S.K.: 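Have a look at this one.
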Amino acid sequence: MVDKVLNAGGLLLAVADDVMKAKIRVSERHPAFSKAFTSEENRAVEIHDYSTMVIPGLLQTEAYIRALYEMRRPLLSPEQIDEWVAARLARQEILARWPLPVITWVIDESVLRRPMGGWDVHTEQLRHLLKIGQMRGPELQVMPLDRMCHAGMGGSFILLTPNSRPQIGYVAAQHVNRLITDPVEVRNMAARYSSIRAQALGLRETLALIEQILGER
């Protein structure tokens, strides 16, 4: 009933089970809408990701993921870290499917220059990006630091296109996760993402920049 009134296109029905499970959990470290996002991501026919702080989840190496969770505050238990690392790696099975969803990423150059987890972890991560950039299908771009201003100054976000349902948005900041279904807001995010891609480096320039950063170490 609420789904119909809000014209959510079935999304609220899809996440209802996650919401109920979340209510009976003592810990709120893994929000229901984070689960809803990964569920939608897994079924999406298009995934578009703009990232300003970290490497996008689908592109992270295991060591990089672990470094992210180990520096998280409040501290996570070793068991929780292991569980979340495994869960994020499982998400990456999307990249092994055929046919692949339409996938694009735009990463801020500052992310590529931050040695998350130390130089060995960082180097492995950059080399992994080079491999992804050579795959047929996914498109990787970098927003260079020499852009004095650009359409993505408002921060990271993700756009997902479910099969046979309207496009949705997703924003995560300070461990607060939000799925966005309002058509106007999603349309504005999509327009913003188009501008971001137009202002970012192309694939060839992106790979050259990553090689350059690797060579600077």
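Quick note: numbers below take in every heavy atom, side chains included, and nothing from hydrogens, waters or symmetry partners. As the structure is a prediction and not an experimental result, all values here were calculated from the model.
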S.K.: Quick check against the 3.5 Å criterion: does R88 have a side-chain atom that pairs as donor or acceptor with the backbone of L58?
M.R.: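 Between the backbone of L58 and the side chain of R88 there is no qualifying donor-acceptor contact (under 3.5 Å).
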
S.K.: Under the salt bridge (charged side-chain N to carboxylate O under 4.0 Å, His left out) test, which residues partner D82, sequence neighbours left out?
M.R.: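 Expected list: R66.
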
S.K.: I need the T61 OG1 to K131 NZ distance, nearest 0.5 Å.
M.R.: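 Nearest 0.5 Å value for the OG1-NZ distance: 10.5 Å.
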
S.K.: Indicate whether the side chain of R197 and that of Y50 have a donor and an acceptor atom separated by less than 3.5 Å.
M.R.: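 R197 vs Y50: no donor-acceptor pair found between side chains.
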
S.K.: Going by distance alone, is a donor N or O of one side chain under 3.5 Å from an acceptor N or O of the other, for Q167 and T161?
M.R.: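 Judged by distance alone, the side chains do pair up.
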
S.K.: For the atom pair CG (L145) and OG (S110), what is the distance rounded to the nearest 0.5 Å?
M.R.: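 Here the rounded value is 6.0 Å.
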
S.K.: Ignoring hydrogens and geometry beyond distance, is a side-chain donor-acceptor pair present between E46 and H48 at under 3.5 Å?
M.R.: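 A pair is found: one side chain offers a donor N or O, the other an acceptor, under 3.5 Å apart.
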
S.K.: Would a distance-only check, ignoring hydrogens and angles, find a side-chain to backbone donor-acceptor pair under 3.5 Å from E109 to M143?
M.R.: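 A pair under 3.5 Å: no.
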
S.K.: Rounded at 0.5 Å granularity, tell me how far CE in M53 sits from CZ in R114.
M.R.: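 Nearest 0.5 Å value for the CE-CZ distance: 5.0 Å.
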
S.K.: Kindly compute the distance separating CG (D108) from OG (S156), expressed to the nearest 0.5 Å.
M.R.: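 Atom-to-atom, D108:CG and S156:OG are 8.5 Å apart.
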
S.K.: If you group Ile, Leu, Val, Met, Phe, Trp and Tyr by side-chain heavy-atom gaps below 4.5 Å, do V45 and L160 land in one group?
M.R.: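 No, V45 and L160 fall in different hydrophobic clusters.
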
S.K.: Is there a side chain to side chain donor-acceptor pair (under 3.5 Å) between R43 and S39? Walk through the geometry before answering.
M.R.: CA-CA 7 Å; R43 296 193 298 261; S39 176; 2.9 Å; yes

S.K.: K35 and E40: salt bridge (charged side-chain N to carboxylate O under 4.0 Å, His left out), yes or no, with the steps?
M.R.: CA-CA 9 Å; K35 296 179 184 179; E40 292 292 342; over 6 Å; no

S.K.: Enter the distance from Q92:CD to E62:CD here, rounded to the nearest 0.5 Å.
M.R.: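 Here the interatomic distance stands at 9.5 Å.
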
S.K.: When rounded to the nearest 0.5 angstrom, what is the spacing between CD1 in I103 and CG in D49?
M.R.: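 I103 CD1 to D49 CG: 10.0 Å, rounded to 0.5 Å.
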
